[in-house]
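Numbered from 1 within each chain, the chains take letters A, B, ... in sequence-line order.
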Number of protein chains: 2
Amino acid sequence: MHHEKLIKTIKERRDVMQVTQETLAELSGVGLRTLKQFESGKGNPTLITLQKLSDVLGLEVCLQLKNITKANETGENTI
Amino acid sequence: MHHEKLIKTIKERRDVMQVTQETLAELSGVGLRTLKQFESGKGNPTLITLQKLSDVLGLEVCLQLKNITKANETGENTI
DNA sequence: ATATAAAGTGTACTATATAGCACTTTTTAA
DNA sequence: TTAAAAAGTGCTATATAGTACACTTTATAT
């Protein structure tokens, strides 16, 4: 997952859960400014920050082999 | 994936590929010290750092829904 | 056993992520 | 169309990640 898609995943998941940036910031313990910067593509969050956000959203950061399947190259069927 | 397991994944993958920390550092453009700190559990790398390392190892950082299946809870069958 | 390679650590500087505040812009409802 | 909510931004202080160098410890061969 490239940077953009990670951001997109977080944003979409937050939207699906109907959580505002402000609420997610509070729930995760991440500063609102940090979340704003990340979602607007201007951040380079630390792993811990990413994990805090992911936790609240029911997501988890993981490492996968690249190209496990050729499916989903278009970015469809994303979480 | 909790922090420890991410580290384990990177280490194991590096071992499988027979790449030393030094070589991985060079290939990825990440400082050797940074890699050492991360692998020894004392780091909190930024997303970009993690991605640089992952790239060289043929891995990718991704976000998954937690508990997609109950399988692999023991940490077996890891990449 | 011991030489060599690989991994880990102390110190210290620089770059930058985090964070809060106040403000602007954009989106969403009424 | 306009008021309210949500998202984005400039500025700035502080904390800490990234980095290099020199060194120690641990693994690995021979």
Side-chain angles (χ1 to χ4, degrees), chain A residues 1-66 75-76 78-79, chain B residues 1-66 75-76 78-79:
Chain A
M1 262 176 155
H2 46 281
H3 212 103
E4 278 174 19
K5 193 167 167 189
L6 288 171
I7 294 173
K8 195 165 162 249
T9 301
I10 293 281
K11 266 172 126 160
E12 283 178 358
R13 181 78 179 149
R14 186 171 61 71
D15 285 346
V16 167
M17 292 180 73
Q18 308 231 56
V19 178
T20 64
Q21 289 180 338
E22 195 165 9
T23 303
L24 175 54
E26 282 164 8
L27 293 176
S28 64
V30 168
L32 177 56
R33 189 55 207 266
T34 301
L35 176 55
K36 282 176 183 298
Q37 291 207 87
F38 176 49
E39 281 199 10
S40 60
K42 286 160 191 163
N44 176 23
T46 62
L47 176 55
I48 288 174
T49 294
L50 202 53
Q51 284 175 329
K52 283 181 185 169
L53 296 173
S54 300
D55 272 356
V56 172
L57 296 174
L59 298 174
E60 65 174 355
V61 179
C62 61
L63 290 173
Q64 281 189 340
L65 281 173
K66 282 191 275 198
E76 289 165 49
T78 305
I79 288 170
Chain B
M1 260 177 157
H2 46 281
H3 213 102
E4 277 175 20
K5 193 167 170 192
L6 288 171
I7 294 173
K8 195 165 162 252
T9 301
I10 292 279
K11 268 172 124 159
E12 284 177 358
R13 182 77 180 148
R14 186 171 61 71
D15 285 346
V16 166
M17 291 181 75
Q18 308 232 56
V19 178
T20 64
Q21 288 181 340
E22 197 166 8
T23 303
L24 176 54
E26 281 163 9
L27 293 176
S28 64
V30 168
L32 178 56
R33 189 57 205 267
T34 301
L35 176 55
K36 283 175 183 298
Q37 291 206 86
F38 176 49
E39 281 199 11
S40 61
K42 286 159 190 162
N44 176 23
T46 62
L47 176 54
I48 288 174
T49 294
L50 203 52
Q51 285 175 328
K52 283 180 186 169
L53 296 173
S54 300
D55 271 355
V56 172
L57 297 173
L59 299 173
E60 65 174 355
V61 179
C62 62
L63 292 172
Q64 282 190 339
L65 282 173
K66 282 192 276 198
E76 291 166 48
T78 305
I79 288 173

| query | If you pin A:Asn44 and B:Val19 to their nearest nucleotides in DNA chain C, which one's is more 5'? | reply | B:Val19
Roughly how many Å is it from [atom1] in [X] to [atom2] in [N], rounded to a whole number?
X       : N      : atom1 : atom2 : result
A:Leu47 : D:dT16 : CG    : C1'   : 15 Å
A:Arg14 : D:dA5  : CZ    : C1'   : 13 Å
A:Lys11 : C:dT27 : NZ    : P     : 11 Å
A:Glu22 : D:dG8  : CD    : P     : 13 Å
B:Leu35 : D:dA20 : CG    : P     : 12 Å
B:Leu50 : D:dA17 : CG    : P     : 14 Å
A:Gln21 : D:dT9  : CD    : P     : 10 Å
B:Glu26 : D:dA20 : CD    : C1'   : 14 Å

Within a strict 4.5 Å, meaning less than it, do heavy atoms of the [X] and [Y] side chains meet?
X       : Y       : value
B:Leu47 : A:Thr46 : no
A:Val56 : A:Arg14 : no
A:Arg13 : A:Val19 : no
B:Ser54 : A:Leu63 : yes
A:Phe38 : A:Leu53 : yes

| message | If you apply the rule side chain to side chain contact (heavy atoms under 4.5 Å, CB included), what do you find for A:Leu35 with A:Glu22, and how did you get there? | response | CA-CA 9 Å; A:Leu35 176 55; A:Glu22 195 165 9; over 6 Å; no
| request: For C:dT9, take OP1 and OP2 only and decide whether either is under 4.0 Å from a side-chain N or O of B:Lys42. | output: yes
| request: State whether B:Thr46 places a side-chain N or O below 4.0 Å from either non-bridging phosphate oxygen (OP1 or OP2) of D:dG18. | output: yes
| message | Can you build the contact string for nucleotides 19-25 of chain C? Use B for base contact, S for sugar-phosphate-only contact, and - for no protein heavy atom under 4.0 Å. | response | BBB----
| Quick one: which of D:dA6, D:dA17, D:dG8 gets closest to the side chain of A:Thr20? | D:dA6
| Trace of the side chain to side chain contact (heavy atoms under 4.5 Å, CB included) decision for A:Gln51 with B:Leu6 | CA-CA 11 Å; A:Gln51 284 175 329; B:Leu6 288 171; 3.5 Å; yes
